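The structure appears below as structure tokens.
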There are 2 protein chains.
Amino acid sequence: MPTISDVARKAGVSTATVSRALNGKSSVDPVLVSRVRIAAEELGYHPNALARNLRRQETAVLALIISDVENPFFTSIARGVEDVAQTAGYSVVLCNSDENADKERRYIDVALQERVAGVILSPTGLSSGIERLRQRGTPVVAVDRPLAGHGTDQVLVDTRLAAREATEHLIAAGYRRIGCVTGPSGIRTADDRLAGYRDALSAAGLAPRRERRAAYRAAGGREAARKLLDAPHPPDALLVANSAMAIGVLEELAAAKLRPGRDVGVVAFDDVPWASLIDPPQTVVAQPAYEIGAEAARLLLARIADPARPPEARTLAARLVERGSSRRAPV
Amino acid sequence: MPTISDVARKAGVSTATVSRALNGKSSVDPVLVSRVRIAAEELGYHPNALARNLRRQETAVLALIISDVENPFFTSIARGVEDVAQTAGYSVVLCNSDENADKERRYIDVALQERVAGVILSPTGLSSGIERLRQRGTPVVAVDRPLAGHGTDQVLVDTRLAAREATEHLIAAGYRRIGCVTGPSGIRTADDRLAGYRDALSAAGLAPRRERRAAYRAAGGREAARKLLDAPHPPDALLVANSAMAIGVLEELAAAKLRPGRDVGVVAFDDVPWASLIDPPQTVVAQPAYEIGAEAARLLLARIADPARPPEARTLAARLVERGSSRRAPV
DNA sequence: TTGTACGCGTTATCAA
DNA sequence: TTGATAACGCGTACAA
């Protein structure tokens, strides 16, 4: 592990000159520059980022804290963030909070301790850790879910409206006993999608509601669907708030010999790659995940560059993609 | 951004005592400990990991460099790594090399500069960057694909054998014109799966081979499938080397009105969550992705603890999961 | 243009 | 048990 002074010694110059030569800041004699370059190369010298950042009081790394690495929605966001960050010379550290407030707090602590330049996160809940970021002045951008208290940059989707439109689409298709499978209370997207569902039902004068909450995972969807189907007046259609849950729901429907688009209408959030592959193809609410990530990264970089700029909240629109699962078979 | 000396001043002790109190190393007067704790809390003190690591000459972060964040196989690996690392007090930095040697090299550089404690990676190709890690003495574990030159810890899958068995399964089902859709030349898994396919064909005395390489993505699968299907004697079954490619292949088959398990047999690598959801359910080669990650993390931690221990290469087995897509309809 | 010397925030050594 | 102090490796005033 050669240091800058090893290089200096080998090149016959001072450490200051090595630093300047390698960073191309101040003007250095071209002859010395190449001597330094060669020495560094021969020694296999890699500048110590720890020391450099300690000295510079800044890091070129962004932390992205998402709630589920296995959810394609979030990995698409990650790609968006990465592409933008990359071109600006930043690295991205991906952290998986696993929809767990404790893990989220731990990762925020790590981000704080590592002195990352900024944080992008999809808040798990009320998110206590966030205040410490604010207090330390670390730039933060919330994605997918809003952060309580204003003054935060955010990139969200009008998910309540999207849920309402999806439900209205089911109503328009002729379904009348529409149910909703959503995530845990407290997770904003889960609450908003449920609210949108209720909006549509109320507007259409439909009752009663058939609602079920469960974990944002396949097992949760399976469980919720089973309970809904076992109830006295089971739903004839389902709005599912998350693609992982949709897997469980579809499994449960198959087990009950209920075919989507014929026996029961189904619309699920997120246009995953396999949505058009299943039979029948799945009607989905497509969220612009990649763009959310890219936009969040842009916002974060802008704030790092100018901490005083007014906070921005961008809301992107989702798009209903109609496929076979929400059709209603002729009676 | 309060420092350790702010805390020391406020608690009326030396910085050394603060350090000791907060790290619980040496024995400190309990009274002082609580005074320090309170002072730190009130100040909102977060130790500067940069300074700490610079001093300690070590970091508690692992870098995981994978070739595709959007591939469920790799995100499962990530979870395995994370779970093991977490319990050992390490954080995991996830990097997406995107099957791109340049990006891989850049991330290896970052890992080197940030002085991470160790690296787990799925090598993109010949991987030149790796030597610099070795040379610097940074522990490395290869996953999914081997690293040229011995002396590296590795966690692999006997993917050639798995491909052979999958092909034999198709043969046993009655298919005779079996084709193979695999990834780019140079990516070891792509090469090995192709080799396994050839093994089976040779052993059964079947010819000619119907092979096609393309990018490990849906578009690649689509393109490969189309070319194979357009050929003079199109295949009656397909072995697909990757789940992303499988999406493209299935789309292409649907477009050609070819139904898996009836018109054409299909086996694909990786038991993705939706494999049993499509119609017919997809026969897959299930790789123990989570376990690969967990094992790699264990190996890495062991090497960090003891750099002198002999390198280990673990090979895990894949499992063929028979479902509908590889059945052969009665003639 | 180059070199000397200090400080970034910690932890570890050594005395007290 | 505690405190003063020297590193860790780098960037950058300041002086030459």
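Numbers restart at 1 for each chain; the letters A, B, ... are given by sequence-line order, proteins then strands. What you see is a predicted model; the values in this text were computed from it and never measured.
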field: Range on DNA chain C touched by chain A - first to last nucleotide, heavy-atom distance under 4.0 Å
entry: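 The contacted stretch runs from C/dT1 to C/dG9.
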task: Classify the nucleic acid contact of B/N53 as base, sugar-phosphate or nothing, counting any heavy atom under 4.0 Å across all strands shown.
output: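 Since no nucleic acid heavy atom lies under 4.0 Å of B/N53, the category is nothing.
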Touch class at under 4.0 angstrom, heavy-atom based, for A/S19 against every strand present: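 Base, at least one base heavy atom under 4.0 Å.
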Under 3.5 Å, is there a donor-acceptor pair between the side chain of [X] and the main chain of [Y]?
X      : Y      : answer
A/S122 : A/V143 : no
B/D153 : B/V141 : no
B/D191 : B/G186 : yes

field: Step-by-step side-chain contact (heavy atoms from CB on, under 4.5 Å) determination, A/Q113 to B/N48
entry: CA-CA 5 Å; A/Q113 294 178 181; B/N48 186 328; over 6 Å; no
query: Between A/A78 and A/L64, which heavy-atom pair has the shortest distance, and what is it?
result: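 In terms of heavy atoms, the two residues are closest at CA-CD2, 3.6 Å.
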task: From the options A/T315, A/D144, A/T189, A/I292, select the one residue that forms a side-chain contact (heavy atoms from CB on, under 4.5 Å) with A/V157.
output: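 Among A/T315, A/D144, A/T189, A/I292, the one that satisfies the side-chain contact (heavy atoms from CB on, under 4.5 Å) with A/V157 is A/I292.
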Enumerate all atom pairs, one protein N or O and one N or O from nucleotides 1-5 of chain D, separated by less than 3.5 Å.
from  : atom 1 : to    : atom 2 : distance (Å)
D/dT1 : OP2    : B/S27 : OG     : 2.3
D/dT2 : OP2    : B/D29 : N      : 2.8
D/dG3 : OP2    : B/S14 : N      : 3.2
D/dG3 : OP2    : B/S14 : OG     : 3.3
D/dG3 : OP2    : B/T17 : OG1    : 2.5
D/dG3 : N7     : B/R20 : NH2    : 2.7
D/dG3 : O6     : B/R20 : NH1    : 3.2

message: Quick one, A/E99 with A/R217, criterion side-chain contact (heavy atoms from CB on, under 4.5 Å). Give me CA distance, side-chain angles, the key distance, then yes/no.
response: CA-CA 11 Å; A/E99 217 63 277; A/R217 317 204 126 270; over 6 Å; no
Please report, rounded to the nearest Å, how far the [atom2] atom of [N] is from the [atom1] atom of [X].
X      : N      : atom1 : atom2 : result
B/Q113 : D/dG9  : CD    : P     : 15 Å
B/R55  : D/dC10 : CZ    : C1'   : 16 Å
A/N48  : D/dC10 : CG    : P     : 6 Å
B/L54  : D/dG11 : CG    : C1'   : 13 Å
B/Q57  : D/dC8  : CD    : C1'   : 5 Å
A/D6   : D/dG9  : CG    : P     : 9 Å
A/H46  : D/dG9  : NE2   : C1'   : 15 Å

- prompt: Do A/E114 and A/T59 have side-chain N/O donor and acceptor atoms under 3.5 Å apart?
  reply: no
message: I'd like to know if the side chain of A/R145 pairs up with that of A/S67 as donor and acceptor (distance under 3.5 Å, no hydrogens or angles considered).
response: yes
